[in-house]
Amino acid sequence: MTIVNGKSFKQRAHEALNDEELRGNFRKAMDGLMSKRAAQFSNEDEWTRLRALGESIKKRALSKLPDLLVQLEENLTKNGIKVHWAQTVDDANKIILDILKTHDVKTVVKGKSMVSEEMELNHFLSDHGIKALEADLGEYIVQMAEEMPSHIIMPAIHMNKGQIAKLFKDKLPDTEYSEDAAELTAIARKELRREFAEAGAGLSGVNFAVAETGTLCLVENEGNGRMVTTVPSVHIAVTGIEKVVENLSDVPALLSLLTRSATGQPITTYFNMISSPRQDGEKDGPKEVHLVLLDNGRSRVYKDSETRDTLQCIRCGACMNHCPVYTRIGGHAYGGVYPGPIGKILTPQLEGLNDYPEHSSASTLCNACVEICPVKIPIAKMLVRLRDENSGNCPHGEHPLKGQGAKKSTIEDLSWSGWKAMNTSPTTYKLATKAMSKMGNLMPSSMPMLSEWTSVRTKPKFASKTLHELVKDMDVKND
Ligand code: SF4
């Protein structure tokens, strides 16, 4: 089980639920994002068609994933981009460190990259004497606060303007205190400009890697992604292997689904297509471009036809914005890099069920995430699969996940066996319901094992008659 700051998921969730300021910050932000997204997809027919197209593009790409990755490498190499394959996060970190050491880089400026969070790259580089500075405003804020992102699109969404203003004043004492968003942004921009000019390398994520042309597509709003990928003389892009798409013509539909689902924007301010390092005669751009392709458990997820759907994710974050659990406990409670519904299925699959046994249970299976997901990932179905994997009872699992049986409980197994035996035989069912109706009257209103349940509910009344007897009674009355 993942313990963060000495607390379990359950403890962190309880703490978040009791933090009124945090809940207020999330409620306000999520309400805004939900209504913006709803306005973007007000035409039900268009949403249905575009969504089906997005799903089919991702499914097609995944069905050909091994071939497309080879094609991507061939075309990127032709374009002058160096490709590196990393099985684990350790491999990926070492590859990046080697590139940086070769160029004697002391500072790296970073665009937003959740994969680099997965790799804990900033800590790794810091341990090797290299400073990694986040250039996305939200990431810049959480780095300053020494926190993890609480949302995959808006890392500092858990903080309000007052909290950010106080943080800036504490960490940048030479600046004026301000709660004005434009002034806070200007402070960050001024600090970052200097770093862009001096950094030896830039690092970014990738939204779509196009196999057909060897192009890396990067979606962003702040222009920091363009600075990171053009100003320093070395650019390193890092991505999971699932981000590959087959053709350039696949990108517009996915881009439209991504931006409209994520922030309710018809399109983002910047859309970067990186096809090569700086060419002769060009005035800017990096002299060297690298792509690190990270597996980190994704091929295991890929092998199983059911869990493979997880890899369709385009990281829009809409499932978080609409999740009744995420919107109340926020992102940090989850303890992993990916919070919310996608985190509940992705994190245990990548890291292992034994580290995240509680994730799949932290859901009512209300289906809000499934209805909103622009590429139709069956998150609720996957949560049920992970619950089965957790209990060790997974008859439909083609490829057992790492840590299968993490929540195996003999008591639970025996209870379900008893429940099955009772409900599959009319005689035992009749005997059991009669016995329960007698015992029900003797039950105290609060029971130690069920105290959390009974403290807020009325004790259930057991049926005094079997279903068969009730139907018979009704027939008699109707006669
Ligand atoms: S699971 Fe769907 S809704 Fe959630 S981040 Fe991924 S693409 Fe977006």
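As the structure lists them, so they are numbered: ligands from 1, and atoms in each ligand from 1.
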Residue pair Q265 / N221, side-chain heavy-atom distance below 4.5 Å
yes
So what's near atom 6 (Fe) of ligand 1, protein N, O or S atoms under 2.8 Å?
C313 SG
Reported OG1-to-CD distance for the pair T307 and E389, which is rounded to 0.5 angstrom
8.0 Å
Applying ring pair (Phe, Tyr, Trp, His ring centres under 6.0 Å), name anything that partners W85, two or more places apart in sequence or on another chain.
none
Pair D304 + R385: basic N to acidic O under 4.0 Å:
yes
What one should report as the nearest heavy-atom pair of N272 and E220 is ND2-OE2, 3.1 Å
Before accepting this row, confirm whether a basic side-chain N of the pair R51/E55 lies closer than 4.0 Å to the acidic partner's carboxylate O.
no
